[in-house]
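Report on the following structure.
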Amino acid sequence: MIVVAGEALIDLVPQPGGGAPTPLLPARGGGPYNTAIALGRLGADVAFCSRISADAFGESLIERLREEGVGLDLVQRGPEPTTLAVASIGSGGSAAYTFYVEGTADRLFEVPPELPAATRALSLGTCSLVLEPGASAYEELMRREAGRGVFIALDPNIRSGLIPDADAYRARLWSWLPHVSLLKLSEEDADWLGYDVKELAAAGPSAVVITRGGDGLTALTRGGDTVSVPGERVEVVDTIGAGDTVNAALLHALAERDLLSPDALASLTPGRWREVLGFAARAAALTCSRAGAEPPYAAELRQG
């Protein structure tokens, strides 16, 4: 089982050609939530670990998880409202967000007593690792499960507007790296963090994967190898959920090859890396070819 921990929220996405003011369509999202949905669509054994509101938005978030085959036993519920993220779409399809997070349910996440015995990997990231008091609870979960030998995947997915002290966050993230098996960053994340990527790869993770938009993906290993694959060419509608799809595709491809362990990942050959990265690049391209966070199903990737 792969457990995905972090926030579930509602994206308010502008609709094209809607006049002024631009109408906003609610869409279920959040980096970890999208990752869990993508894993479910790929056929993985996946569970979501979060705190979700009991309001109408929260019920809709739960309904979609259930529809996509994502386990719900680790989901906590609360009366607090659902986090909202207002998206703006740039000319190239890239998305930026303004967040409404005060007093929302996902900030009050508490560490579960234990994860299922079948858990092989724990994936974390995005707002949940910034917003307290939940951020400290997710960090505690990360450290506890890494100590048990669980494969840890981390995608910071930087939302700088939510980070009050950038230097403190950078130092905190650095302290997590010895516990992380796979670190995934966009080029923008890497630039904002200000660390040399090779330094990050040497600080603990078995590998660091950098997403380069339409230019593809690059993996840097603890041993110093660098492997890249090109992006898949598609007509981009928007990039919402593309990075989350990469997370899911990487984890699924590694699980399919029985490589969800730090040592196995560190010993992955360049040829196997190209297989894994190529699968993730195609999955992300399909997500970018349609509006919103709509990751592909396994059958769509087989058809390609």
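Nothing fancy with the numbering, it's 1 onward along the sequence.
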For the backbone of L162 and the side chain of R159, can you confirm whether one donor and one acceptor N or O come within less than 3.5 Å of each other? no
Do other residues, nucleotides or ligands put more than 12 heavy atoms under 6.0 Å from the CG atom of D73? no
Without hydrogens or angle criteria, can the side chains of E140 and S136 be said to hold a donor-acceptor pair below 3.5 Å? no
Around E114, counting heavy atoms of other residues, nucleotides and ligands shown, do more than 12 lie under 6.0 Å from its CD? no
Just verifying a value: how many Å separate R120 CZ and I2 CD1, rounded to the nearest 0.5 Å? 8.0 Å
Under the 3.5 angstrom rule, does the side chain of E68 hit a backbone N or O of L65 as a donor-acceptor pair? no
Taking 4.0 angstrom as the limit, do E199 and R170 come out as a salt bridge? no
Can you measure from CZ (R172) to CG (L177) and round to the nearest 0.5 angstrom? 13.0 Å
Check: E110 main-chain N/O paired with R51 side-chain donor or acceptor under 3.5 Å: no
Other residues, nucleotides and ligands only: do more than 12 of their heavy atoms fall within 6.0 Å of CZ on F99? yes
So that I can tick it off, tell me whether R107 and E102 are bridged by a salt bridge, with the cut-off set at under 4.0 angstrom between side-chain N and carboxylate O. yes
Any carboxylate oxygen within less than 4.0 angstrom of a Lys/Arg side-chain nitrogen, looking at R41 and E294? yes
Short side-chain to backbone donor-acceptor contact, D189 and I158, under 3.5 Å: yes
E80 and S53: side chain donor to acceptor below 3.5 Å: no
Salt bridge present between R257 and E275 (N-O < 4.0 angstrom): yes
Once rounded to the nearest 0.5 Å, what's the spacing between atom SG of C49 and atom CG of L122? 7.5 Å
If you count heavy atoms of other groups shown closer than 6.0 angstrom to CD of E132, is the number above 12? yes
I'd like to know if the side chain of R222 and the backbone of G204 have a donor-acceptor N/O pair within less than 3.5 Å. yes
Once you measure the plane-to-plane angle for Y195 and W174, does it fall in the parallel (<30°), tilted (30-60°) or perpendicular (>60°) bin? tilted
Does a side-chain N-to-carboxylate-O contact under 4.0 Å join R66 and E59? no
Just to verify, which of L61, T83, I52 counts as forming a side-chain contact (heavy atoms from CB on, under 4.5 Å) with L9? T83
Classify the side-chain pair S175/R143 by whether it contains a donor and acceptor separated by less than 3.5 Å. yes
Minimum heavy-atom distance between L259 and F151, given as atom pair plus value: O-CE1, 4.2 Å
